[in-house]
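Atoms within each ligand, like the ligands themselves, are counted from 1 in listed order. The basis for the numbers below is simple: all heavy atoms, side chains too, and nothing from hydrogens, waters or symmetry mates.
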Amino acid sequence: MYKENLNKFILNQDQKISEALQATNMLGIAFVTADNGKLIGVITDGDIRRAGLRGRSLDSEVSHIMNKDFFYAIDETEDADILKKIPKRVHCIPVVDCEGLLIGYKFFSELTGKNALITGITGQDGAYLAEFLLAKGYTVYGAYRRTSNLTFSRLEYLEIKDKINLIPLDLTDPWSVYNALKISSPSEVYNLAAQSFVQTSFNQPQLTLNINTIGTANVLEAIRYSSPSTKYYQASTSELYGKVHEIPQNEKTPFYPRSPYAISKLAAYWLTVNYREAYGIFACNGILFNHESPIRGYEFVTRKITQGVAAIKTGRDTELHLGNLDAKRDWGYAKDYVESMWLMLQHGEPEDFVIATGKTHTVRDFAEKAFEKAGLDYREYVKVDEKFYRPTEVDLLIGDPSKAKNKLEWNPDQKTTFAELVDMMVVNDLKLLENNA
Ligand code: NAP
Ligand code: G4F
């Protein structure tokens with residue numbers, strides 16, 4: 001069937017392609033290749049684009065075609081053999097030879113040839129997002145800053161360090177940001193770099209503002225001047241809600257930041273909105289609630305607890321000192337959350353989204369569960385120490401992810417649960433200490 005119909009319109013450009021496509025009953029787009037695998041044509045419904053493509057390589061042209069000419073892929077095919085091999089809802093495009101014979105399918109991710117630049121590649125989210133984008137076929141550029149004791153331990157843990165193109169960048173240095181964009185020519189930038197620890201922001205407010213606010217302005221300016229069609233993801237945060245005005249918090253809930261960190265991120269949030277409105281940049285805020293993992297930084301309360309449990313269980317320590325046990329957080333799994341960052345940039349319109357589980361737990365709950373997992377009672381080991389209290393606390397966070405659920409099909413009900421998260425982190429830290437005996 002392919003042969004007959006495709007031959008008709010490949011050989012006769014006057015033929016209406018839509019008629020031929022209707023005859024095939026399913027194809028929205030096909031790439032046509034010559035014997036040597038070179039792209040000689042692209043068929044879409046109602047159009048044929050052969051001029052200028054003859055003899056050029058499929059891979060080099062496809063990104064041009066996908067980016068400039070159209071953005072269209074089919075969701076499913078009716079070909080029984082192919083369907084067996086392709087998971088449902090994976091985008092793929094048929095490739096035919098110049099005889100019109102179907103010679104295979106190209107996955108959308110293979111074809112887009114996209115580059116992504118991630119700032120904060122050495123951080124928790126940077127590592128998981130890089131892993132996610134690599135699996136989607138992206139060429140990933142990861143920006144790291146110079147430190148005297150540079151560590152790529154998270155990228156090594158995920159075994160992806162060698163697959164990432166590493167670029168030095170400090171968010172506070174505009175030229176290094178501009179340079180990273182120039183080197184990577186990204187279609188998507190994920191700005192994850194930040195001074196991300198709330199407690200530190202009380203002691204180093206200016207540094208926090210410099211990195212988180214001025215740094216964000218530097219990235220947006222570099223995009224505006226050198227690459228305005230690049231899509232931009234801003235790592236916004238549930239800390240913006242601070243002293244909450246509404247329970248649960250959604251995209252319309254007013255902000256009331258309670259730390260220099262939250263204030264720095266609030267300005268960055270509005271910079272992102274402003275560059276979208278003023279210059280038409282595809283810029284999105286992901287308002288992510290707390291997300292944790294086995295590669296979470298040790299200073300954050302979840303990891304501090306799971307590492308503390310492991311230290312006590314293996315006899316290295318006898319107590320765990322924590323601050324406010326009554327604070328409530330909406331905790332999810334970082335690996336689940338990075339998917340939402342990508343989904344935001346694939347959405348038709350640039351918008352802001354809350355990403356959360358919709359459930360909340362106290363720090364005490366987390367500690368109780370973590371100690372329980374190791375067969376211990378937290379009450380015997382946890383000591384409250386006021387030095388970990390914050391001058392102004394965020395008492396209760398619980399997100400309403402309905403918008404992401406409806407528009408991005410990102411569904412927290414299908415993701416890692418709180419109990420699974422705690423277990424995973426405790427098991428990991430126990431293993432780390434046991435292996436390190
Ligand atoms: P993280 O583990 O602390 O990672 C932060 C990253 O930023 C690190 O790679 C760090 O590099 C880099 N960085 C810091 N200052 C920099 C500078 N001046 N120039 C370049 N890079 C710099 O944070 P995360 O948990 O992955 O979070 C990622 C982003 O999401 C952050 O912006 C955070 O504020 C935001 N966020 C996180 C959560 C959460 O629960 N995890 C929730 C909402 C929003 P070094 O390794 O050199 O320090
Ligand atoms: O784990 P935390 O330090 O995370 P926090 O402050 O909620 O911030 C994290 O999540 C934000 C998203 O909402 C991100 F934007 C931010 O970058 C970061 O990733 O503290 C959680 C709660 C706080 O209420 C804190 O007071 O735990 C309480 N807590 C009690 N004892 C403690 C401790 N926090 C830490 N870090 N250490 C303690 O000993």
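For the pair Thr119 and ligand 1, no heavy-atom separation below 4.0 Å is found. The closest approach between any non-hydrogen atom of Tyr261 and ligand 1 is below 4.0 Å. For Ala334, the heavy-atom gap to ligand 1 stays at 4.0 angstrom or more. Using a non-hydrogen distance threshold of 4.0 Å, Lys265 registers as a contact of ligand 1.
Ring planes of Tyr378 and Phe371: tilted class, angle from 30 to 60°. Under the 30°/60° scheme for interplanar angles, the aromatic rings of His245 and Tyr256 are found to be tilted. Relative orientation of the Phe255 and Tyr241 rings is tilted, given thresholds of 30° and 60° on the angle between their planes.
Near Leu171, meaning under 4.0 Å from any of its heavy atoms, are these atoms of ligand 1: 17 (C), 18 (N), 19 (N), 20 (C). Of all the atoms in ligand 1, the ones that sit under 4.0 Å from a non-hydrogen atom of Ala194 are 5 (C), 7 (O), 13 (N), 14 (C), 15 (N), 31 (C), 32 (O), 34 (O). With ligand atoms numbered from 1 in the order given, ligand 1 contributes 43 (C), 44 (C) to contacts under 4.0 Å with heavy atoms of Thr237. Those atoms of ligand 1 that come under 4.0 Å of a heavy atom in Asn290, given as number and element, are 40 (O). Close approach of ligand 1 to Ala235 (heavy-atom distance below 4.0 Å) involves ligand atoms 29 (C), 30 (O), 32 (O), 35 (C). Every atom of ligand 1 is numbered from 1 in the order shown, and the set under 4.0 Å from a heavy atom of Ser236 is 43 (C), 44 (C). Of all atoms in ligand 1, listed by their number and element, those nearer than 4.0 Å to a heavy atom of Ser196 are 1 (P), 3 (O), 23 (O), 33 (C), 34 (O).
A salt bridge does not link Glu292 to Lys304: none of the charged nitrogens lies less than 4.0 Å from a carboxylate oxygen. For the pair Lys328 and Asp395, the salt-bridge criterion is not met [side-chain N within less than 4.0 Å of a carboxylate O]. Comment: Asp170 does not engage Arg145 in a salt bridge, judged by the lack of any side-chain N to carboxylate O separation of less than 4.0 angstrom.
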- Decide salt bridge (Lys or Arg N to Asp or Glu O under 4.0 Å) for Lys431 and Glu434; before the verdict, give the C-alpha distance in whole Å, the side-chain angles of both, and the deciding distance to 0.1 Å. CA-CA 5 Å; Lys431 202 152 71 181; Glu434 280 159 6; over 6 Å; no
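Atom 47 (O) of ligand 1 has Arg145 NE, 2.9 Å as its closest protein atom, hydrogens excluded (heavy atom only). Among all non-hydrogen protein atoms, the one lying nearest atom 4 (O) of ligand 1 is Gly123 CA, 3.4 Å. In this structure, the protein non-hydrogen atom closest to atom 43 (C) of ligand 1 is Leu288 O, 3.1 Å. Annotation: atom 29 (C) of ligand 1 to nearest protein heavy atom, Leu192 O, 3.1 Å. The nearest protein atom to atom 6 (C) of ligand 1, hydrogens excluded, is given as Gly120 CA, 3.7 Å; this is a heavy-atom distance. The protein non-hydrogen atom at the shortest distance from atom 18 (N) of ligand 1 is Asp170 OD1, 2.9 Å. Remark: minimum distance from atom 9 (O) of ligand 1 to any protein heavy atom is reached at Thr122 OG1, 2.6 Å. Here the protein heavy atom with the shortest distance to atom 39 (C) of ligand 1 is His291 CE1, 3.3 Å.
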List ligand 2's nitrogen or oxygen atoms that come under 3.5 Å of a protein nitrogen or oxygen, with the partner atom and distance.
| from | atom 1 | to | atom 2 | distance (Å) |
| --- | --- | --- | --- | --- |
| ligand 2 | 1 (O) | Val301 | N | 2.8 |
| ligand 2 | 3 (O) | Arg390 | NH2 | 2.8 |
| ligand 2 | 6 (O) | Arg390 | NH1 | 2.5 |
| ligand 2 | 7 (O) | Asn290 | ND2 | 2.9 |
| ligand 2 | 7 (O) | Arg329 | NE | 2.8 |
| ligand 2 | 10 (O) | Asn290 | ND2 | 3.1 |
| ligand 2 | 13 (O) | Ser238 | OG | 2.6 |
| ligand 2 | 13 (O) | Asn290 | OD1 | 2.7 |
| ligand 2 | 17 (O) | Ser196 | O | 2.6 |
| ligand 2 | 17 (O) | Tyr261 | OH | 2.8 |
| ligand 2 | 19 (O) | Arg296 | NH1 | 3.3 |
| ligand 2 | 19 (O) | Arg296 | NH2 | 2.9 |
| ligand 2 | 24 (O) | Arg329 | NH2 | 3.0 |
| ligand 2 | 24 (O) | Glu393 | OE1 | 3.0 |
| ligand 2 | 24 (O) | Glu393 | OE2 | 3.0 |
| ligand 2 | 26 (O) | Glu393 | OE2 | 2.6 |
| ligand 2 | 31 (N) | Gly323 | N | 2.8 |
| ligand 2 | 36 (N) | Glu299 | O | 3.0 |
| ligand 2 | 39 (O) | Lys304 | NZ | 2.7 |

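When heavy-atom distances to ligand 1 are checked against a 4.0 Å cut-off, Ala143 has no atom that comes that close, whether in backbone or side chain. The proximity of Glu239 to ligand 1, defined as any non-hydrogen pair under 4.0 Å, does not occur for either the backbone or the side chain. Looking at Ile211 against ligand 1, only its side chain comes within 4.0 Å, counting heavy atoms.
Looking at residues two or more places apart in sequence or on another chain, you find no ring-ring contact (aromatic ring centres under 6.0 Å, His included) involving Tyr232.
The ring of Tyr190 has its center no closer than 6.0 angstrom to the ring center of Trp342.
Across all non-hydrogen atoms, the minimal contact from Thr151 to Thr122 is O-CG2, 3.6 Å. Of all heavy-atom pairs spanning Ala143 and Leu169, the tightest one is CB-CB, 3.8 Å. In terms of heavy atoms, Glu239 sits closest to Ser259 at OE1-OG, 4.1 Å.
When Asp125, Ile118, Leu150 are checked for heavy-atom proximity to atom 26 (O) of ligand 1, Asp125 turns out nearest.
Residue-to-ligand polar distances place Arg296 within reach of ligand 1: an N/O pair is separated by less than 3.5 Å. Geometrically, ligand 1 and Ser238 share no nitrogen or oxygen pair separated by less than 3.5 Å.
A cation-pi arrangement is absent between Lys335 and Tyr128, since the terminal nitrogen or guanidinium carbon is not both under 6.0 Å from the aromatic centre and inside a 45° cone about the axis.
Between the side chain of Thr360 and the main chain of Ile398, no donor-acceptor pair closer than 3.5 Å is present.
Counting heavy atoms from C-beta outward, Asp317 and Tyr381 have side chains that stay 4.5 Å or more apart.
Checked against Leu117 for a side chain to side chain contact (heavy atoms under 4.5 Å, CB included), the options Ser185, Pro186, Ser187 give a single hit: Pro186.
The ring-ring contact (aromatic ring centres under 6.0 Å, His included) contacts involving residues 315-335 comprise Trp331-Phe366, where partners must be two or more places apart or lie in separate chains. Applying the salt bridge (charged side-chain N to carboxylate O under 4.0 Å, His left out) test to pairs two or more places apart or on separate chains, those with a residue in residues 340-359 are Arg276-Asp352, Glu351-Lys403, Glu351-Lys407.
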